Amino acid sequence: MRKIAFTLLLFISFAAIVMAQDEEPQIKTENSSPSPDTASIFYTNINNRWPGEKLIRVNDSVLKGFNYFLPTDGDMKLYALTGNAGLAYQSMVFSLPDYQGFRYTPFNFSEYQWNNSNIRYFHLTGPYTNLFYSTGPGKEQLFNVTHSQNLLGGLTIGIDLRIVNSLGLYERQKSDDVTFAGTAQFVNKRENYVVLGNYHNTKLKWRENGGIARLSYFTQNTETDRKRIPINLSKADNLIKEGGIQIRQLLYFAKATSHPVIDSLKSDTLGPKKLHRYYDPNRSNFIRHTFTYTRNSNLYTDDHPVTDEYYQQVLIDSVRTFDSVYYQEIANDLSIEAGVGRTKSTSKAVLLRAGIEHVAGSYKVDSISKTFNRFTPYAYFSANAFGLTKVEGRIWTTQGSPFNGDKGLEGSIMFPGFENTNNWGNLKISASLTIEQPYYLYQYHYSNHFQWENSFGQQTNLSFKALYDNRYFKAGFNEYNLTDYIYLDEEAHPAEVNGSVSVTQLWAYTDVHWGYFETQIYGVFQNSTDASVISLPAFAGRMSVYYNRPLFKRALQFQGGISALYNTAYHANAYMPALRAFYLQNDYKTGNYPYLDAFINIRVKRARMFLQFKHVNSGLMDYTYIMVPGYPMPDRGMRFGISWAFYD
């Protein structure tokens, strides 16, 4: 308690000293005036089928949200964690997956990896490098490196490296995650030909302890040395590898049009003197080809597979579990897009895209091999009525294994028909219908502890969404109706709903400034008509309140505050390491516990630093801080991190 009291005293004293500084002549937060140590850095993520790519600014000099140093942290991220950085997690907010490709299993680790959907292609005026490092209790360490630069008139390269390595506070809880992405983009002199390419590779190594075996040791705090609390699995490990390449070529049959950001990057006097060319994600009228190769391998081992209450059964080898799954795909996607007319935004008044994708893949488990082929034609249409409203539609269908007969239809309408969030905002209403096969893991699996071959047929997902969005406030309403829904039951086996289950959500996010203070609040209310199939917290949310202040003639930017994460009690899904998946349980309720973090963020020129007292209320309330049954969250501890940006 002396260490805790001293740390709190130090935190309060430092904040008091800062607030006691001489008043500035005007109230200026870091968001109201740019720092002199910044540059024009933008990036874009490329979509697989649909339009919607945007340029996003890199805010590497802004302190807001800098204290969210973990990939699973964020002002709008609400995840149930398995007790240590870099391990499996599950969202507490229900959503339907929105990705193409081989839908093998719910990705409960995608925040830790670079993949084709989140890899960043940079637009910049000069060389850019950012280094980040943080450390905390349990030998928790994070290290990120980002670098990008222009080489020739139209060639830009970049790399992103992320490492998460944490021993954890409990036995056999170590994570060792490494993900890398290298990118290149080229635009020719006539600006009618563009190539975008990436290579990415992810390796996640997890020690799996199966959760603690004596929950009362934690909930009653009878054993304060966390390493001495018994665990369920003593020799289990998971190894997940994912990687591949993607090459996209675009041939434009219309001249390039002006784009405010692209044009400013070309003419930026702070950048290189020579003119540079950039890929414009808003440009239309092209023929496009995308080649994608992906490979995935999952290995689960256990040198002591005891058949007790944990595994329930051993089916192949009672001495050692060695479950390997390997699958790969080669995809070729050819599409054409054409648009006419202009609106207030950079989009076309009428836009049409049509394409077809062919995928050839293979799947191997143990000595069993399967091959797949499928075709997916798709189309997109949008019309903008003089900027007053914008209507969009999408349609697609798949023929071939293992997702034969999958199809989808989606429509939306937006008022007004252009980006208006800086004024009175946008209202968007959408509805979608998808008919899909379940995850392939639910269809077929062969391992030492789980085996099945199911023929569930397709599940039907009908959703309705309404979204209002402006600069300071977002709110939405979502309604999902799921028929023949497939899930993992209480024995971690696939099961099918006989009928329908519905999920209703109401959410809001606000970012409010008053003087030197700022608050971000995000909250979601949810209701599932059948909690025995889809169990969700009735409410989950996060709030941050902090004080911003420029000091020493704006040479130093200070930010200090507190953030809180809370969700109501519910039967959170349990985690099965042998499947790398979450499944239903009805024995233990988690939640109804606030996680409070106090933090100080500072920026001096191009360096940002944070000092975070994480989970400050640990031990001051009941010992119920568990998000996933059997996996207690870490006790209180200090975290420190630093980020340094280089623009030359």
Side-chain angles (χ1 to χ4, degrees), residues 40-58 116-125 148 150 152-158 183-198 246-268 271 275-292 333-357 378-384 386-387 390-394 414 417-420:
S40 298
I41 309 294
F42 293 83
Y43 71 88
T44 186
N45 306 123
I46 62 175
N47 297 339
N48 189 20
R49 294 177 185 167
W50 315 115
E53 298 173 356
K54 297 180 180 180
L55 282 176
I56 303 170
R57 180 154 194 165
V58 177
N116 292 323
S117 64
N118 65 7
I119 286 175
R120 303 182 292 181
Y121 293 86
F122 283 92
H123 295 58
L124 34 78
T125 57
S148 187
N150 306 324
L152 303 174
L155 177 63
T156 303
I157 63 170
T183 63
Q185 54 179 311
F186 173 75
V187 182
N188 69 347
K189 288 184 178 181
R190 296 177 60 187
E191 297 191 59
N192 64 344
Y193 177 70
V194 174
V195 179
L196 302 167
N198 78 70
Q246 185 177 70
I247 301 173
R248 171 168 292 178
Q249 302 177 79
L250 300 101
L251 181 62
Y252 295 92
F253 46 85
K255 291 184 179 181
T257 57
S258 62
H259 185 282
V261 174
I262 299 292
D263 294 343
S264 67
L265 288 171
K266 289 180 178 180
S267 60
D268 197 323
L275 183 69
H276 200 80
R277 300 180 294 273
Y278 300 91
Y279 164 65
D280 185 351
N282 295 286
R283 190 176 172 186
S284 184
N285 297 314
F286 57 75
I287 298 175
R288 186 185 75 178
H289 174 261
T290 305
F291 169 82
T292 305
D333 185 301
L334 183 64
S335 64
I336 183 171
E337 180 180 294
V340 295
R342 296 295 299 271
T343 65
K344 287 187 177 182
S345 64
T346 56
S347 63
K348 298 292 185 180
V350 178
L351 186 69
L352 176 66
R353 177 185 293 186
I356 186 169
E357 179 190 57
Y378 59 91
Y380 168 89
F381 171 80
S382 71
N384 196 311
F386 310 105
K390 181 179 181 180
V391 178
E392 295 179 284
R394 304 178 184 182
M414 183 174 72
F418 60 93
E419 184 73 26
N420 194 49

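Keep in mind that the numbers below use all heavy atoms, side chains included, and drop hydrogens, waters and symmetry copies. Residue numbers run from 1 in the order of the sequence given. Here the structure is a predicted model, which means the values were calculated and not measured.
Side-chain atoms of Asn47 never come within 3.5 Å of backbone atoms of Arg49 as a donor-acceptor pair (strictly under, hydrogens ignored). Judged by distance alone, the side chain of Thr183 and the main-chain N or O of Ile157 form no donor-acceptor pair under 3.5 Å. Using modelled atom types, one side-chain atom of Asn384 and one backbone atom of Gly417 make a donor-acceptor pair closer than 3.5 Å. No side-chain donor-acceptor contact under 3.5 Å links Asn192 to the backbone of Phe253. Under a 3.5 Å cut-off, the side chain of His123 and the backbone N or O of Tyr43 do not form any donor-acceptor pair. The closest donor-acceptor contact from the side chain of Thr44 to the backbone of Lys54 lies under 3.5 Å.
Looking at heavy atoms from C-beta onward, Ile56 lies out of side-chain contact with Arg120 at the 4.5 angstrom threshold.
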side-chain contact (heavy atoms from CB on, under 4.5 Å) assessment of Phe381 paired with Val350: CA-CA 8 Å; Phe381 171 80; Val350 178; 3.9 Å; yes

How far apart are the C-alpha atoms of Tyr279 and Leu250, what are their side-chain angles, what is the distance that settles it, and do they pass the side-chain contact (heavy atoms from CB on, under 4.5 Å) test? CA-CA 10 Å; Tyr279 164 65; Leu250 300 101; 4.2 Å; yes

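For the atom pair OG of Ser117 and CG of Asn48, the computed distance is 9.5 Å after rounding to the nearest 0.5 Å. One finds the CZ atom of Arg248 at 10.0 Å from the CG atom of Asn198 (value rounded to the nearest 0.5 Å). Summarising the geometry, atom CD belonging to Glu191 is positioned 10.0 Å from atom OH belonging to Tyr252; distances are rounded to the nearest 0.5 Å. With rounding to the nearest 0.5 angstrom, the CG atom of Leu251 is 9.5 Å from the CD atom of Gln249. Of the inter-residue distances, the one linking Ile287 atom CD1 with Ile336 atom CD1 reads 4.5 Å to the nearest 0.5 angstrom. Annotation: the span from Asn116 atom CG to Ile46 atom CD1 amounts to 7.0 Å, rounded to 0.5 Å.
When all heavy atoms of Leu334 and Tyr378 are compared, the closest pair comes out as O-OH, 4.5 Å. Nearest heavy atoms, Arg394 versus Trp50: NH1-CD1, 3.3 Å. Scanning both residues, Leu351 and Gly339, for their nearest heavy atoms gives CD1-CA, 3.9 Å. Annotation for Thr156 and Phe122: closest pair CG2-O, 3.9 Å, computed over non-hydrogen atoms. Between Pro281 and Leu55, the closest heavy-atom pair is CG-CG, 4.0 Å. A pairwise comparison of heavy atoms in Asn188 and Arg277 identifies O-NE, 3.0 Å as the closest pair.
In this view, Tyr380 satisfies the ring-ring contact (aromatic ring centres under 6.0 Å, His included) rule with no residue, not counting sequence neighbours. Under the rule for a side chain to side chain contact (heavy atoms under 4.5 Å, CB included), the partners of Phe291 that lie at least two apart in sequence or sit in another chain are Ile245, His289, Tyr293, Ile330, Asn332.
A donor-acceptor contact closer than 3.5 angstrom is absent between the side chains of Ser382 and Glu392. There is no side-chain donor-acceptor pair under 3.5 Å between Glu53 and Tyr121. Ser284 and Glu337 form a side-chain donor-acceptor contact under 3.5 Å, judged by distance and modelled atom types alone.
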